[in-house]
Amino acid sequence: MFKTKITELLDIEYPILQGGMAWVATAELAAAVSNAGGLGIIGAGNAPGSFVREQIKKAKELTDKPFGVNVMLLSPFVDEVMEVILEEGVKVITTGAGNPGKYIPKLKERGIKVIPVVASVALAKRMEDIGADAVVAEGMESGGHIGELTTFALVPQVVDAVSIPVIAAGGIADGRGFAAALCLGASGVQMGTRFVCSTECTAHPRYKEYIIKAKDRDTVVTGRSTGHPVRVLRNRLSREFEKLEQMGASKEELEKLGEGKLKAAVVDGDVEYGSVMAGQIAGLIKDIKPVKEIIEDIIEEAARVIENLNKMR
């Protein structure tokens, strides 16, 4: 029922990708998602190539299914990370924060699928022109770095603008969201916040609990004045950000305040002074369970939703 261009392109059972979240998307989570029929993705973030290689090797020990790596193109280690990906034979990469164009020829030579994350129609078209195999159209409901358009507005416009498959992201955490994305024309979905609250995710328990306790309006967007807005759950750090921005703090001051704060939240469990990145859908997430159950529940619920829609015709 859910065989799409994305399941065919990536050789996966279900058209569900896991977001490549820095510090969160480790080999353990990526392998669990791939083993459950989706596409797990290791988040390279700002890590050096040696760390990414370790994660890839660990994932290979945990799964024999395809998995990917998310590459942040602004990373100071991006060139060496790309070399590691080529050497290790990773099947898929997703990219963010930049243009992957100069790397695409080599990646294509090795048969590696390239899927940039985009926040606008113009960027989606540009990525298609340079040879991307698909795009992730990510709405501003998502956690972490965001654009300006909502998922519901962005996805159908991108679908109409490009001929390559489109993956919807931002504000999706259950079967209803999955089914809605397919109705918008997407060939699959990418989820981040829902997979943070999984048994296999190595994020600190306090980080997960903070998401579970969140309500519908508990996320805020910080950093708009820097040109790089980030969605996080409200805490003392976010309030300090808001205060500094209102006072007209410089980009350098704000970047210094945010330095190392994602690791503080994810690894150390500091949910007051750490950056608790999470999407607006956090208010819908109420439990922590194995990845396999999360994916099975989504597929079963989506099938029911679509069946009920067919009955209404």
Side-chain angles (χ1 to χ4, degrees), residues 2 4-7 14-21 24-25 33 38-39 41 43 70 94-97 115-128 132 134-162 164-197 211 214-224 228-233 277-285 294-295 297-299 301-302 305-306 309:
F2 296 117
T4 71
K5 292 178 181 178
I6 286 298
T7 58
Y14 304 120
I16 297 175
L17 282 67
Q18 161 247 314
M21 304 159 283
V24 174
V33 173
L39 185 81
I41 297 174
N70 175 261
T94 59
T95 67
I115 307 178
V117 178
V118 301
S120 71
V121 168
L123 187 54
K125 292 169 74 172
R126 197 177 313 147
M127 293 301 102
E128 180 178 36
V135 291
V136 176
E138 185 175 66
M140 53 89 72
E141 299 95 321
S142 63
H145 294 276
I146 62 169
E148 292 296 329
L149 292 173
T150 65
T151 302
F152 214 80
L154 176 65
V155 171
Q157 293 186 69
V158 173
V159 168
D160 287 351
V162 300
I164 55 177
V166 176
I167 299 155
I172 302 168
D174 64 6
R176 294 170 295 180
F178 175 77
L182 298 183
C183 289
L184 293 174
S187 296
V189 301
Q190 177 176 284
M191 301 189 303
T193 308
R194 171 66 269 198
F195 284 129
V196 174
C197 293
I211 291 173
K215 296 182 174 60
D216 58 342
R217 297 184 64 187
D218 281 349
T219 69
V220 295
V221 178
T222 61
R224 286 193 186 279
H228 300 288
V230 177
R231 185 176 299 284
V232 297
L233 286 174
M277 294 185 183
Q280 287 183 319
I281 205 67
L284 189 72
I285 299 168
I294 291 172
I295 290 180
D297 288 349
I298 287 170
I299 295 300
E301 184 180 26
V305 167
I306 292 172
L309 285 173

In the structure I gave you, are the side-chain heavy atoms of [X] and [Y] within less than 4.5 Å of one another anywhere?
X: Val33; Y: Leu39; answer: no
X: Val121; Y: Leu149; answer: no
X: Arg194; Y: Ile281; answer: no
X: Ile298; Y: Met191; answer: yes

Could you go through the side chain to side chain contact (heavy atoms under 4.5 Å, CB included) check for Leu123 and Val135 one step at a time? CA-CA 10 Å; Leu123 187 54; Val135 291; over 6 Å; no
Provide the closest heavy-atom pair for [X] versus [Y] in the form atom of the first, atom of the second, distance.
X: Ala278; Y: Thr219; value: O-CG2, 3.8 Å
X: Leu284; Y: Ala173; value: CD2-CB, 4.4 Å
X: Thr4; Y: Pro15; value: OG1-CB, 3.6 Å
X: Cys197; Y: Ile211; value: SG-CG2, 3.6 Å
X: Ser187; Y: Pro165; value: OG-CB, 4.0 Å
X: Asn70; Y: Thr95; value: ND2-N, 4.0 Å

Atom [atom1] in [X], atom [atom2] in [Y]: separation rounded to 0.5 Å?
X: Glu138; Y: Ile146; atom1: CD; atom2: CD1; result: 9.0 Å
X: Ile295; Y: Tyr14; atom1: CD1; atom2: OH; result: 8.5 Å
X: Phe2; Y: Ile306; atom1: CZ; atom2: CD1; result: 4.0 Å
X: Ile172; Y: Thr151; atom1: CD1; atom2: OG1; result: 6.0 Å
X: Ile115; Y: Gln190; atom1: CD1; atom2: CD; result: 9.0 Å
X: Ile164; Y: Met127; atom1: CD1; atom2: CE; result: 9.5 Å

Donor-acceptor check, side chain of Glu141 to backbone of Gly171, threshold 3.5 angstrom: yes or no?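 No, because the side chain of Glu141 does not come within donor-acceptor range (under 3.5 Å) of the backbone of Gly171.
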Indicate yes or no for a side-chain donor-acceptor contact from Thr193 to the backbone of Gly279 under 3.5 Å, with no hydrogens or angles considered. yes
Determine, stepwise, if the pair Gln280 / Asp216 fulfils side chain to side chain contact (heavy atoms under 4.5 Å, CB included). CA-CA 7 Å; Gln280 287 183 319; Asp216 58 342; over 6 Å; no
Please report the C-alpha distance between Phe195 and Ile41 in whole Å, then the side-chain angles of each, then the deciding distance to 0.1 Å, and finally whether the side chain to side chain contact (heavy atoms under 4.5 Å, CB included) criterion is met. CA-CA 11 Å; Phe195 284 129; Ile41 297 174; over 6 Å; no
Once side-chain hydrogen bond (donor to acceptor under 3.5 Å, both in side chains) is applied, do any residues pair with Asp218, and if so which ones, sequence neighbours excluded?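 Once residues adjacent in sequence are excluded, Asp218 has no partner under the side-chain hydrogen bond (donor to acceptor under 3.5 Å, both in side chains) criterion.
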